[in-house]
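Below is one structure, written out as structure tokens; comments come after it.
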Amino acid sequence: MAELSRLRKDSGLTRGEVAERIGSTDTTVWRYETGQSRPRPSDVSALTEVYGVTGEARDSLIQMAVEARRRSWWHPHRQAFKPGFDSYIGLEAEASLVRSYEPLVVPGLMQTEPYARAVIEATSVVQTPSTVEETVSVRISRQRLLHGPGDPIHLVAVLDEAVIRRRIGGGDIMSEQLEHLVRLSTLPNVEIRVVPFSAGAHAAMDGKFCLLSFPEPEAPDLLYLEQAASGDVPDNPEQVRRYASMFESLCEMALGEDASAAFIAQMARRFSSP
């Protein structure tokens with residue numbers, strides 16, 4: 001919300017000073033001001049108190065926050081998400097670069113519909129069939145970020161070899177999914193790298209993560225961590241730097257783009273064989 005940025009500047013306060021007063025971080029305040037994250041109405045209320053905004057002006061800003069959260073295309077489907085994932089979707093939609101490491105499954109942005117359904121059914125054991133279909137629909141809808149309209153995001157996906165070898169949903173589904181990855185790898189904005197088993201131990205064996213970069217030069221990179229029951233976007237810059245270093249290390253250990261595509265294509269043929 002650009003108005004929050006104007007109010008802060010008019011108040012003479014830095015983002016760090018505002019963050020301290022509302023019990024948050026300067027990165028979070030920056031995300032609110034630049035639209036990278038939609039503040040809750042309670043957050044806007046706290047900010048208006050710091051800026052001395054009262055009456056109709058305050059009420060208008062809070063209502064804007066309410067409406068902004070309602071306008072998100074994924075908002076009607078939030079009940080199907082794990083806590084924290086709706087924040088990630090909003091950030092992903094604003095990013096210019098997504099760096100993703102996956103040790104077990106194909107990243108959601110690159111999943112075919114049958115593969116996505118098989119993954120969601122296996123990992124969401126308490127969801128109803130209708131909720132599974134809703135989650136699949138949201139996952140497939142997110143993939144428009146790779147193809148436009150407008151400037152598509154740049155995706156760099158590093159996959160453990162287990163992702164390519166793990167049979168999910170049967171041979172036909174796996175073959176189709178791997179062929180889809182090969183096609184995606186030909187797009188100028190998609191880079192897929194495979195870390196082979198022969199690479200041995202590495203720093204990212206604790207699990208999956210995503211790093212988001214944004215088009216604004218002053219915008220800090222953000223980290224998304226996901227577990228079975230929740231997702232989180234930590235505000236610790238040092239933690240972001242650590243994961244960025246881990247990602248660079250993974251890229252150095254991974255096969256090149258051409259070799260990765262050739263390996264994926266080879267495995268697609270194996271899964272399609274009777």
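All values below come from the heavy atoms of this structure, side chains included, with hydrogens, waters and symmetry mates left out.
Between Val240 and Leu222, every side-chain heavy-atom pair lies at or beyond the 4.5 Å cut-off. Side chains of Gln111 and Gln143 form a contact here, defined as non-hydrogen atoms less than 4.5 Å apart. Using a 4.5 Å heavy-atom cutoff, the side chains of Leu187 and His147 are in contact. Annotation: side chain of Leu223 is in contact with side chain of Gln239 (closest heavy-atom distance under 4.5 Å). The shortest side-chain heavy-atom distance between Leu146 and Asn189 falls under the 4.5 Å cut-off. Between Tyr224 and Glu92 there is no side-chain heavy-atom pair separated by less than 4.5 Å. Side-chain contact between Glu121 and Arg117 is present, with at least one heavy-atom pair separated by less than 4.5 Å. In this structure, the side chains of Ser5 and Tyr32 stay at 4.5 Å or more apart for every pair of heavy atoms.
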Would you be so kind as to tabulate the donor-acceptor pairs closer than 3.5 Å made by side chains of residues 48-59, with sequence neighbours excluded?
from: Thr48; atom 1: OG1; to: Val44; atom 2: O; distance (Å): 3.2
from: Thr48; atom 1: OG1; to: Ser45; atom 2: O; distance (Å): 2.7
from: Arg58; atom 1: NH2; to: Ser45; atom 2: OG; distance (Å): 2.8

Which donor-acceptor pairs under 3.5 Å do the side chains of residues 250-262 make with protein atoms, sequence neighbours left out?
from: Ser260; atom 1: OG; to: Val194; atom 2: N; distance (Å): 3.0
from: Ser260; atom 1: OG; to: Leu255; atom 2: O; distance (Å): 3.3
from: Ser260; atom 1: OG; to: Gly256; atom 2: O; distance (Å): 2.8

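Residues Asp26 and Ala19 come closest through the heavy atom pair N-CB, 3.4 Å. When all heavy atoms of Ala204 and Met246 are compared, the closest pair comes out as CA-CE, 3.6 Å. For Arg167 against Gly170, the heavy-atom pair with the smallest separation is NH1-C, 3.9 Å. Pairing each heavy atom of Phe214 with each of Ser96, the nearest pair is C-OG, 3.4 Å. Pairing each heavy atom of Ala118 with each of Gly169, the nearest pair is CB-CA, 3.9 Å. In this structure, Gly108 and Arg139 approach most closely via the heavy-atom pair O-CG, 3.7 Å.
A distance of 10.5 Å separates CG in Asp160 from CZ in Arg165, rounded to the nearest 0.5 Å. Atom OG of Ser213 is separated from atom CZ of Arg99 by 4.5 Å, given to the nearest 0.5 angstrom. Separating the CE atom in Met110 from the CD atom in Gln177 is a distance of 8.0 Å, to the nearest 0.5 Å. Residue Leu155 holds its CG atom at 9.0 Å from CD of Glu191, rounded to the nearest 0.5 Å. How far CZ of Arg142 is from CD1 of Ile153: 8.5 Å, rounded to the nearest 0.5 Å. Distance check: Ile164 CD1 to Phe197 CZ gives 9.5 Å after rounding to the nearest 0.5 Å.
Applying the 6.0 Å contact sphere to CG of Asp172 captures no more than 12 heavy atoms from other residues, nucleotides or ligands.
In this structure, His202 and Tyr101 have perpendicular ring planes: the angle between them is above 60°, well past the 30° mark.
Between the side chain of Thr28 and the main chain of Ser24, no donor-acceptor pair closer than 3.5 Å is present. Side-chain N or O atoms of Ser137 include none that pairs as donor or acceptor with a backbone N or O of Glu133 at under 3.5 Å. Looking at Ser175, its side chain does come within 3.5 Å of a backbone N or O of Ala268 through a donor-acceptor pair.
Criterion: ILVMFWY side-chain heavy atoms under 4.5 Å apart, direct or through other members. Under it, Leu159 and Val182 are part of a common hydrophobic cluster. Linking ILVMFWY residues whenever their side-chain heavy atoms come closer than 4.5 Å, directly or via other members, places Ile264 and Leu104 in the same cluster. If you chain together hydrophobic residues whose side chains sit under 4.5 Å apart, Leu61 and Leu13 fall into the same group. When hydrophobic clusters are built by joining Ile, Leu, Val, Met, Phe, Trp and Tyr residues whose side-chain heavy atoms come closer than 4.5 Å, directly or via intermediates, Val29 is grouped together with Leu4. In the hydrophobic clustering of this structure, Phe247 does not group with Val190; members are Ile, Leu, Val, Met, Phe, Trp, Tyr whose side-chain heavy atoms approach within less than 4.5 Å, directly or through other members.
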Side chain to side chain contact (heavy atoms under 4.5 Å, CB included) evaluation trace for Tyr88 with Leu212: CA-CA 10 Å; Tyr88 172 75; Leu212 304 176; 3.8 Å; yes
Glu17 and Arg21: CA distance, side-chain angles, deciding distance, salt bridge (Lys or Arg N to Asp or Glu O under 4.0 Å) verdict: CA-CA 6 Å; Glu17 291 169 336; Arg21 295 192 186 190; 6.0 Å; no
Val18/Leu47 under side chain to side chain contact (heavy atoms under 4.5 Å, CB included): CA gap, chis, key distance, verdict: CA-CA 8 Å; Val18 172; Leu47 289 168; 3.5 Å; yes
Side chain to side chain contact (heavy atoms under 4.5 Å, CB included) evaluation trace for Val136 with Glu113: CA-CA 7 Å; Val136 171; Glu113 186 170 331; 3.8 Å; yes
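Annotation: side-chain contact (heavy atoms from CB on, under 4.5 Å) contacts of Glu20 (sequence neighbours excluded): none.
Checking Ile173, Val106, Val163, Val105 one by one against Ile168, the side chain to side chain contact (heavy atoms under 4.5 Å, CB included) holds for a single residue, Val105.
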